[in-house]
Amino acid sequence: MYRTHHCNELRKRHIGQQVTLAGWVHVSRDHGGVIFIDLRDREGLTQVVFRPEENAELAKQSHSLRSEDVIRVTGKVAPRVAGTGNPKLATGDIELLPSELEILNRAADLPFPLDTEISNEDLRLTYRYFDLRRPRFARNLRLRHQAAKATRDYLDGQGYIEVETPILSKSTPEGARDFLVPSRLAPGKFYALPQAPQQYKQLLMVAGVEKYFQIAKCFRDEDLRADRQPEFTQIDIESSFAEPDDIFALTEGMLAAVFKATRKIEIKTPFERLTYREAVGRYGSDKPDRRFRMELVDFGEDFKSSSFKVFRGALDAGGVVKAINAKGFASLTIGQSDELTEIAKNFGAKGLAFIKVENGEWKSPIVKFFTAEEKAALQSKLEVAEGDLILFAADKWDIACEVLGRLRLRIAEYQKLLEGNEQLDFLWVTDFPLLQWSAEDNKWNAVHHPFTRPKTEDVPLLDAQKFGEVRAEAYDVVLNGVEIGGGSIRIHEPELQEKMFGVLGVNAEEQQVMFGHLLRAFRLGAPPHGGIALGLDRLVMLICGEQSIRDVMAFPKNNRGIDLMSQSPADVDQRQLRDLGIKLAGEKNA
RNA sequence: GGAGUCUUAGCUCAAUUGGUUAGAGCGCCGCCCUGUCACGGCGGAGGUUGCGGGUUCGAGCCCCGUAGACUCCGCCA
């Protein structure tokens, strides 16, 4: 046996035993005579003590040990000298007095220290295998494993079977940009890496699998963010003969199992539900963070005959007047005020109207336009008090809501409303719109995806071409303001699917070329079905309390999609390109 | 594609209004140190201040450009 115990195992009861440990030199404290080594493995630390009077030869050797050298020591477990125990260490009551020392591998000078946090992410990603030795990452990787295992165990218990679907797949229009893989056997043709196993899982429903899941790698060639990587992992689930309530209950049970396995906590189920209209109307977001209030309040009725033209104009044009009360934030700085105005403009507002309540006075350039009744309405609905900051948005519903929603989040950050907050606020957002007008493409696009089922009662709206009003049988699950998953009941009838493609501007011929397999499948007895996909990375990020999914992936890419460790993407050999029938279109500087 | 912040020793940071030879801690090297646990003490090496240009008697600091990193917007069915 290479070792008899790990480094977080030895206790008082082992005193006197002969043991062998292996691991990394975490730190060495060399007193010239006696030398202390904290030996580390993934489980923890054990102090190893070399004493010249016990073994002069070994002690001499031990002076050369440096941080991160890999060693094996064999010796006797001994009690610590009275009064020198270390209560901070689980193994702090004992130490190892070695009779053998084997240096398995020396470590060169370290690129950065492991015992302090460093901010240079470039360097950390370049030496990712080294950075991962930090206990924080050891913990994150382990939590990720436990989350995945709990997911599999739970779904297995519910009768779901894991089926793998192809990574070499087919490019589809709409959605994210695909990663393409050139085909050697069919020159000029390309596979695409799946953005999600969406079509395959629906075809598995047609295949009679009934209950499918997969912890699936997905690929999207879009710009990166703290919570977006070009390759990421979804918990992908699909069930035949399922209604939304079935998917909700399954997801809730699964998340409960995951949080139990990882954080050892019971989460409250079922989750609350909000419709899309409610969520956006009250929080200015379809993934509301409800851990603080600052809700959007509607003042349409109160200002419908206002003499303040900005509000009146918005209402007359069919828009809304809404406000939030940032309690106690009247003292914001000029810089903060400027940034809030900037945010408002960024999301489509023409300006940002506000009231500061200071010294019992409403300080604002617009208060003079308000009647006593209007002021009274603001006062009571917003519970205005000394020190408050009221912010207004008067615009089309979606713009006003988004502006205030974004301001709400930024102000919460300024005010540190979530500092130390341990709450887990899960909710469902339901009844998403089915379609969204794209000015850029000059057509209607699917909000979720083209296979999403319209709500049955809204199908007449679809026929009446009132596309903006059609609601989808689609839902998102949100945790603390982060969308951790989304899904829908799907279309299983070929006629409805063709109609949907038609609305999306995919003509009959294109439908056959791109989705013929799916439409043919639907003609061979496709059961009603629906499902959900959860972002495993984001979920684990929240479980670990991290700010970025990079911190819960073993080998993430940087902001520009580059793996700094392996330097990919990289040039390829000309011969490889020739095999694929690919010629690069002009070198950049040629 | 756009906006913001940042870039000084291997790492984390400092350097007054633009002013002498750019400093400190950690790490590294050498010497000393027998109960530490962020061990301690003495000494040493280590810098084209991201890069290019400009203003100035003089630039780490001001200006312009450029590269890179991160965060956000666009984008992400």
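Between A/Asn559 and the phosphate of B/U71, there is a side-chain N or O to OP1/OP2 separation shorter than 4.0 Å. In this structure, A/Arg406 reaches the B/C73 phosphate: one of its side-chain N or O atoms is under 4.0 Å from OP1 or OP2. In terms of phosphate contacts, A/Asn86 brings no side-chain nitrogen or oxygen within less than 4.0 Å of OP1 or OP2 of B/U36. For the OP1/OP2 pair of B/C73 and a distance below 4.0 Å, the side-chain nitrogens and oxygens of A/Arg225 include at least one atom meeting the criterion. A/Arg29 has no side-chain polar atom (N or O) that falls below the 4.0 Å cut-off from OP1 or OP2 of B/U36. Phosphate proximity of B/A38 to A/Lys88: present, with a side-chain N or O under 4.0 Å from OP1 or OP2. Between A/Arg550 and B/C70 there is a side-chain polar atom (N or O) within less than 4.0 angstrom of OP1 or OP2.
A/Phe515 and A/Phe501 have parallel rings, their planes meeting at less than 30° on a 0 to 90° scale where 60° marks the start of perpendicular. By the 30° and 60° cut-offs, the orientation of the rings of A/Phe451 relative to A/His449 is tilted. Using bins of under 30°, 30° to 60° and over 60° for the plane-to-plane angle, the ring pair A/Phe130/A/Phe112 lands in the perpendicular bin.
Evaluation of A/His31 against the base of B/U36 yields no stacking contact (centre distance < 5.5 Å, interplanar angle < 30° required). For the pair A/Phe112 and B/C11, the ring geometry does not qualify as stacking, because the centroid separation below 5.5 Å and plane angle under 30° are not jointly satisfied.
Residue contacts for A/Arg177: at a heavy-atom cut-off of 4.0 Å it reaches no nucleic acid atom on any strand shown. Counting any heavy atom pair closer than 4.0 Å across all strands shown, A/Gln195 reaches no nucleic acid atom. Using a 4.0 Å heavy-atom criterion, one finds that A/Gly535 contacts no nucleic acid atom at all. Note on A/Gln198: a base of the nucleic acid sits closer than 4.0 angstrom, heavy atoms only. In this structure, A/Gln199 reaches neither bases nor backbone, as no heavy-atom distance under 4.0 Å exists between it and the strands shown. Residue contacts shown for A/Asp221 are absent, as no nucleic acid heavy atom lies under 4.0 Å away. Here A/Asp115 lies out of heavy-atom contact (under 4.0 Å) with every strand. Heavy atoms of A/Leu504 sit nowhere under 4.0 angstrom from any nucleic acid atom. When heavy atoms are screened at a 4.0 angstrom cut-off, A/Asn445 is found touching no nucleic acid atom at all. The residue A/Phe347 sits close only to the backbone: its heavy atoms come under 4.0 Å of sugar-phosphate atoms, none of a base. No engagement by A/Thr116 is indicated, since no non-hydrogen atom pair under 4.0 Å with the nucleic acid exists.
Across all strands shown, B/C64 is found opposite B/G52 as a Watson-Crick or G-U wobble partner, with both distances under 3.5 Å.
Side chain of A/Asp41 to main chain of A/Cys7: a donor-acceptor pair is present (N/O by atom type, distance under 3.5 Å, no hydrogens or angles).
A donor-acceptor contact under 3.5 Å is formed by the side chain of A/Asp223 with the base of B/G74. Between the side chain of A/Arg228 and the base of B/C75 there is at least one donor-acceptor pair of N/O atoms closer than 3.5 Å. With hydrogens and angles ignored, no donor-acceptor pair closer than 3.5 Å exists between the side chain of A/Arg66 and the base of B/G27. Within 3.5 Å, a donor on the side chain of A/Arg80 pairs with an acceptor on the base of B/C37, or the reverse.
Separation of the P atoms belonging to B/C31 and B/G58 is 48 Å when rounded to the nearest angstrom. If you take atom C1' in B/G46 and the same atom in B/C11, they sit 13 Å apart, rounded to whole Å. Comparing the same atom, P, in B/C29 and in B/G10 gives a spacing of 16 Å after rounding to whole Å. With both ends at atom P, the span from B/C62 to B/A24 equals 24 Å, rounded to whole Å.
Ranking B/C76, B/C37, B/U34 by closeness to the A/Ala176 side chain, first place goes to B/C76.
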